[in-house]
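Notes follow once the structure below has been shown.
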2 protein chains.
Amino acid sequence: MSNNQFKRGELYSVINGMATTAVARRLQKNYRQAGLEITIEQWSVLYHLWKEDGLSQQELGIRTFRDKASITRLIDNLERLSLVTRVASKEDRRINLVYLTDAAKPLQQLTYELANQTMNEALHNITKEEIEIVKNVFQRVYDNLMNKDLI
Amino acid sequence: MSNNQFKRGELYSVINGMATTAVARRLQKNYRQAGLEITIEQWSVLYHLWKEDGLSQQELGIRTFRDKASITRLIDNLERLSLVTRVASKEDRRINLVYLTDAAKPLQQLTYELANQTMNEALHNITKEEIEIVKNVFQRVYDNLMNKDLI
DNA sequence: GACATATAGTTAGTTATGCAACTAATATAA
DNA sequence: TTATATTAGTTGCATAACTAACTATATGTC
């Protein structure tokens, strides 16, 4: 039993540090080298807005796995960079809808290419089957922990 | 091709946000509920010192996948909590060796139990084979990106 | 309509991250 | 041995994370 547990502990340190950090750093580095002055956290917000513009901050938090305070500041910074604007919802004035500006639109193609290039570097020699298993395991890890919160 | 690339992009967001964050949050929450006033980042340093006491800051950075500035501040905070002390190496006075204090030692058992409990929650219904695949994929992702730096 | 409750977002405070520029000590080379 | 390069660690600056307390709006109940 303790043997099994120790392996799980090791997995934790792997999840938390190694690959995640390495991919994030590489992507950030590739952005910088291309002259893109955005962080990967900012990019992760833009990524979801390119898929669907005009999301609420709440919804952006859900999709990017961040709490609302983090989203507030990410949007603050993106607004300061003139990449998004907040628009109060007419139906519910508590809600801010976040829209891309014209300045943000040209970034989409370049960031996609750099993200794909980074993932190609990261996933070199890793099979589609392995990727599917990792995605599936992560989804189940997430569900395991989130369901617990509802009990 | 674009189809394949899109899936890889999705994997990135999974790696960067979902499972990692969920596990880290859960572990932090479990520590807090047990009255442990340390962060998981601080724990990750203690974890390696429990395995081998008296590591240099450099070595701690390598083992925890952090740069030296981050280690400097983590050790600052751990020193302020009286959990570790810096001792200048006698062979090479540039080097700080980091040692656990007596106050840190009782934490080991409790943090191990909480980490194991957290991993058991997170990895519920996930098989050993799947865990091995995830670890293996992460090691190869890390190697893919790190080898590139040496070229 | 009035009061309690829930929801969306902001702010304050603390910790952590990365990069770049810096100091101090050691190693290398002329 | 002196000049140069490398290494270990620190500090300043900007961004980002989480929690908890807060404001403002909306909803539900009596």
Side-chain angles (χ1 to χ4, degrees), chain A residues 16-18 20-33 36-45 55-62 64-81 83-98 149, chain B residues 16-18 20-33 36-45 55-62 64-81 83-98 149:
Chain A
N16 193 43
M18 195 173 75
T20 297
T21 308
V23 175
R25 278 186 204 153
R26 172 60 53 98
L27 184 56
Q28 182 73 72
K29 187 174 158 188
N30 286 347
Y31 279 178
R32 219 171 28 245
Q33 285 180 349
L36 266 179
E37 295 296 329
I38 59 171
T39 66
I40 54 167
E41 291 84 3
Q42 293 167 359
W43 169 75
S44 75
V45 171
L55 296 171
S56 67
Q57 297 189 192
Q58 190 75 13
E59 186 60 31
L60 280 170
I62 292 166
T64 63
F65 308 104
R66 291 184 169 84
D67 73 355
K68 48 191 186 170
S70 299
I71 291 294
T72 291
R73 293 208 184 118
L74 276 175
I75 303 298
D76 286 349
N77 287 336
L78 284 168
E79 228 174 13
R80 210 171 329 123
L81 292 168
L83 295 174
V84 304
T85 50
R86 287 173 164 102
V87 178
S89 164
K90 279 162 190 159
E91 286 84 46
D92 185 338
R93 284 165 51 207
R94 291 172 301 183
I95 296 176
N96 285 339
L97 301 175
V98 182
D149 282 338
Chain B
N16 193 45
M18 194 174 75
T20 297
T21 307
V23 175
R25 279 187 203 151
R26 172 60 52 99
L27 184 56
Q28 182 73 73
K29 187 175 158 189
N30 286 347
Y31 279 178
R32 220 175 22 250
Q33 285 181 348
L36 266 179
E37 295 296 327
I38 60 171
T39 66
I40 54 167
E41 292 83 3
Q42 293 167 359
W43 169 74
S44 76
V45 170
L55 295 172
S56 67
Q57 296 189 194
Q58 191 75 13
E59 186 58 31
L60 280 170
I62 292 166
T64 63
F65 308 104
R66 290 185 169 84
D67 75 351
K68 49 191 186 168
S70 298
I71 291 295
T72 291
R73 282 175 208 147
L74 276 175
I75 303 298
D76 286 348
N77 288 335
L78 284 168
E79 229 174 11
R80 207 167 335 120
L81 292 168
L83 295 174
V84 305
T85 49
R86 287 172 165 101
V87 178
S89 163
K90 279 163 189 160
E91 285 83 44
D92 185 339
R93 283 165 49 206
R94 292 172 301 185
I95 296 175
N96 286 338
L97 302 175
V98 182
D149 283 337

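Bear in mind the structure is a predicted one, so any value in this text is a computation, not a measurement. Proteins come first, then strands; the chains are lettered A, B, ... in the order of their sequence lines, and each starts at number 1.
With sequence neighbours excluded, the residues forming a salt bridge (Lys or Arg N to Asp or Glu O under 4.0 Å) with Asp92(B) are Arg94(B), listed by chain and number. For the salt bridge (Lys or Arg N to Asp or Glu O under 4.0 Å) test, no residue two or more places apart in sequence or in another chain qualifies with Asp67(A).
Distance CG (Leu81(B)) to P (dT14(C)): 14 Å, rounded to an integer number of Å. With rounding to whole Å, Ile38(B) atom CD1 is found 16 Å from dC18(D) atom C1'. Atom CG of Asn96(B) is separated from atom C1' of dT26(C) by 15 Å (rounded to the nearest Å). Rounded to an integer number of Å, the gap from Glu79(A) CD to dG9(C) P is 13 Å. Taking atom CG of Asp76(B) as the reference point, atom P of dA8(D) lies 18 Å away to the nearest angstrom. Separating the CD atom of Glu59(A) from the P atom of dG9(C) is a distance of 10 Å, rounded to the nearest angstrom. Gln58(A) has its CD atom 11 Å from the P atom of dT10(C), to the nearest Å.
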Going 5' to 3' through nucleotides 15-25 of chain C, assign each nucleotide B (protein heavy atom under 4.0 Å from a base atom), S (under 4.0 Å only from sugar-phosphate atoms) or - (no protein heavy atom that close).
-> SSBBB-----B

Test Leu60(A) against Ile75(A) for side chain to side chain contact (heavy atoms under 4.5 Å, CB included), laying out the working first.
-> CA-CA 10 Å; Leu60(A) 280 170; Ile75(A) 303 298; 4.0 Å; yes

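Checking Lys90(B) against Ser56(A), the closest nucleotide of DNA chain C that is more toward the 5' end is the one next to Ser56(A).
Partner Gln28(B) forms a side chain to side chain contact (heavy atoms under 4.5 Å, CB included) with one of Arg32(B), Arg25(B), Arg26(B) and no other, that one being Arg32(B).
Taking 4.5 Å as the limit, some side-chain heavy atom of Arg66(B) sits within range of a side-chain heavy atom of Ser44(B).
Glu59(A) contributes atom CD, which lies 10.0 Å from atom OG1 of Thr64(A) (distance to the nearest 0.5 angstrom).
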